[in-house]
Amino acid sequence: MTTTETPDTLRRILDYSSRADPYPLYAELRRTPVAQQEDGSYVVSTYRELTDLLHNPHLSSDVRNLSHPMPAREGETTPAFINMDPPEHDRLRRMAMRHFGPPHTPGLVAGLDPTLTSIVGSLIDDFAGKEQIDIVDDFAYPFPVTVICHLLGVPREDEPRFHVWVNDLINSIDYDPRTDPKEKLEKGVQARTNLHEYLGGLLEQRHGRPGDDLLSKLAHDDGPDGRMTDEEIVSTANLLLIAGHETTVNLITNGMLTLLRHPEMLQRLRDEPGLVVPLVEELLRYEPPVHIIPWRAAYSDITVADTVIPKGSQIMLMLASGSRDPDRFHDPDRFDPDRRDNQHLGFGSGIHLCFGGPLARRETQIALTELVRRLDRPSLLADPPPYRRSPVLRGPIHLQVEQSEG
């Protein structure tokens with residue numbers, strides 16, 4: 001089943017012109033579940049093969065296991081645990097999770113409900129008197145940024161500084177030396193350095209004056225696995241700062257866009273607030289914030305769908321395609337919050353299942369419930385809206401909405 005029939009399909013998916021609706025192209029891609037590309041890499045696009053790989057111990061997240069080095073990782077000192085394999089991945093994830101969720105802090109997310117509701121309410125209050133609202137700039141971006149800054153202990157007033165760095169980092173994730181200007185890579189490397197130095201400075205302050213934030217807790221924790229080094233803390237904080245808001249911005253914005261395109265569901269959510277829990281799960285399947293894992297490496301030869309992927313090969317995982325696979329989901333292109341057995345790939349799967357998934361879910365549940373409840377007859381001003389450049393973290397860069405008066 002090894003084939004090189006789909007390079008053009010992949011190129012079209014990655015091209016910005018397809019950002020508003022890549023799903024028909026994913027359907028093309030799924031005709032060949034495992035497709036070798038011209039550069040020797042492999043693209044996997046079907047649900048069964050994706051889940052098998054995500055749980056396969058021979059799939060590596062460590063760039064050093066690639067036969068060909070990836071320049072986008074140059075300049076990285078200590079990688080975040082998302083780019084590590086066991087046992088180091090497991091150790092660092094356990095140490096971070098002690099202060100971020102079960103079993104050591106099981107009430108963290110639920111305990112944030114009053115804070116989340118207050119932030120959301122304040123942002124929506126600011127809509128008063130506005131006929132037009134940008135859901136991204138006015139709501140979906142400031143909300144999770146405020147939350148993750150609060151949790152980490154990052155001053156909210158520093159957001160304009162790290163916003164530029166985060167954007168440059170995100171833009172460099174899918175850097176392709178064959179087609180992209182080197183400036184894209186260089187900006188990403190510089191942004192990584194700037195963010196590392198900034199978080200390192202905050203950590204240094206916590207060593208002398210610990211607070212109640214996650215940076216302080218990591219800096220002073222002596223748990224069963226010992227204590228993280230300063231480099232490990234900074235890398236973990238870097239990951240949480242970026243992932244802690246970028247994915248949630250997309251999830252909230254994609255969610256509001258989907259509801260505005262399905263007004264009957266918007267009205268139903270207004271009438272049945274409890275619907276929000278399965279509705280957000282369906283959003284994670286139907287319009288996920290993360291579409292692609294750009295690379296994984298084969299530790300050894302791996303057989304997937306009768307295709308042998310050689311050791312050291314780069315493997316691209318098309319998560320959003322898997323979540324629309326008709327062999328796994330009935331009528332997958334229909335938005336259906338009543339869907340049962342919704343084991344989507346919106347937050348990945350396996351040992352790298354999204355660390356902040358519970359928080360992102362709760363943020364989105366509260367955000368969409370309150371937006372639907374309080375916006376007055378909202379309607380889209382542009383459909384499709386303009387999208388971010390990245391095919392990896394996919395979502396509108398702006399979502400202009402008009403609300404009626406009265």
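All residue numbers in this chain count up from 1 along the given sequence. Every heavy atom of this structure was used, including side-chain atoms; hydrogens, water molecules and symmetry mates were not. Computed from a predicted model, the values in this text were never measured in an experiment.
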Exercise: do T9 and E28 side chains pair donor with acceptor under 3.5 Å: yes
Pairwise side-chain contact, H352 with S61, heavy-atom cut-off 4.5 Å (strictly under): yes
Side-chain H-bond candidate by donor/acceptor type, D168 with Q190, under 3.5 Å: no
Check: R361 side chain, V280 main-chain N or O, donor-acceptor pair, under 3.5 Å: no
Atom of R98, atom of P224 and distance for their closest heavy-atom approach: NH1-CD, 3.4 Å
Sidechain-backbone polar pair: R192 side chain, L169 backbone, donor-acceptor under 3.5 Å: no
CZ/R48: more than 12 non-hydrogen atoms of other groups inside 6.0 Å: no
Pairwise distance OG1(T236) to CE(M97) - rounded to 0.5 angstrom: 11.5 Å
S18 side chain to L14 backbone, donor-acceptor under 3.5 Å: no
D138: side chain to side chain donor-acceptor pair (under 3.5 Å) partners, not counting sequence neighbours: none
Test item: side-chain donor near acceptor, S300 and H58, under 3.5 Å: yes
Minimal non-hydrogen separation, R93 against I351, with atom names: NH1-O, 3.3 Å
E197: salt bridge (Lys or Arg N to Asp or Glu O under 4.0 Å) partners, not counting sequence neighbours: none
Lys/Arg-Asp/Glu bridge criterion (N-O < 4.0 Å) met for R12, D8: yes
Residue K187 excluded, over 12 heavy atoms near NZ under 6.0 Å: no
Test item: Q314 side-chain N/O and P294 main-chain N/O as donor-acceptor pair under 3.5 Å: yes
S216 (side chain) donor-acceptor with G211 (main chain) under 3.5 angstrom: yes
Check ion pair D331-R339 (N to O, under 4.0 angstrom): no
T248 side, atom OG1; E363 side, atom CD - distance, nearest 0.5 Å: 4.5 Å
Whether over 12 other heavy atoms sit under 6.0 Å from E183 CD: no
Steps toward side chain to side chain contact (heavy atoms under 4.5 Å, CB included) verdict (I242, F162): CA-CA 10 Å; I242 296 172; F162 65 73; over 6 Å; no
Student check: side-chain heavy atoms of L152 and D213 closer than 4.5 Å: no
A35 backbone acceptor or donor facing T32 side chain under 3.5 Å: no
Closest non-hydrogen atom pair, A80 against S235: CB-O, 3.8 Å
pair N65-D85: side-chain heavy atoms closer than 4.5 Å: yes
Test side chain to side chain donor-acceptor pair (under 3.5 Å) applied to H150 - qualifying residues, sequence neighbours left out: none
Side chains of T146 and R156, donor plus acceptor under 3.5 Å: yes
Neighbour count above 12 (heavy atom, 6.0 Å) for R261 CZ: yes
Qualifying residues under salt bridge (Lys or Arg N to Asp or Glu O under 4.0 Å), relative to D137, sequence neighbours excluded: none
Qualifying residues under ring pair (Phe, Tyr, Trp, His ring centres under 6.0 Å), relative to F335, sequence neighbours excluded: H262, Y286
Qualifying residues under side chain to side chain donor-acceptor pair (under 3.5 Å), relative to T105, sequence neighbours excluded: none
D90 side chain to P86 backbone, donor-acceptor under 3.5 Å: no
Salt bridge (Lys or Arg N to Asp or Glu O under 4.0 Å) pairs, two or more places apart, involving residues 266-277: R268-E272, R268-D338
Residue D125 excluded, over 12 heavy atoms near CG under 6.0 Å: yes
Nearest heavy-atom neighbours spanning D325 and Y47: OD2-N, 3.0 Å
Sidechain-backbone polar pair: E402 side chain, Q400 backbone, donor-acceptor under 3.5 Å: no
Side chain to side chain contact (heavy atoms under 4.5 Å, CB included) between R328 and D341, worked out: CA-CA 10 Å; R328 174 59 179 83; D341 187 25; 3.3 Å; yes
Ring pair (Phe, Tyr, Trp, His ring centres under 6.0 Å) against F355, all qualifying residues, sequence neighbours excluded: F81, F100
Parallel, tilted or perpendicular, as decided by the 30° and 60° cut-offs, for the rings of H344 and F347: perpendicular
Derivation and outcome, side chain to side chain contact (heavy atoms under 4.5 Å, CB included), residues I133 and Q403: CA-CA 8 Å; I133 304 150; Q403 61 173 347; 3.6 Å; yes
L399 backbone acceptor or donor facing D134 side chain under 3.5 Å: yes
Which atom of A360 lies closest to which atom of L251, heavy atoms considered: O-CD2, 4.3 Å
Exercise: do S60 and R296 side chains pair donor with acceptor under 3.5 Å: no
Results of side chain to side chain donor-acceptor pair (under 3.5 Å) for R362 - residues two or more places apart only: D113, Q365
Residue pairs fulfilling salt bridge (Lys or Arg N to Asp or Glu O under 4.0 Å) with at least one residue in residues 245-259, sequence neighbours excluded: E246-R388
Y26: partners by ring pair (Phe, Tyr, Trp, His ring centres under 6.0 Å), with sequence neighbours left out: Y23, H291
Side-chain donor-acceptor pair present, E231, H196, cut-off under 3.5 Å: yes
Backbone N/O of L29 and side chain of S45: donor-acceptor pair under 3.5 Å: yes
Basic-acidic side-chain contact under 4.0 Å: D230, R206: no
Side chain to side chain contact (heavy atoms under 4.5 Å, CB included) between M318 and I13, worked out: CA-CA 10 Å; M318 312 300 283; I13 289 170; 4.1 Å; yes
With sequence neighbours excluded, residues passing ring pair (Phe, Tyr, Trp, His ring centres under 6.0 Å) with H220: none
Smallest separation among heavy atoms of G322 and L50, with atom names: CA-CD1, 3.6 Å
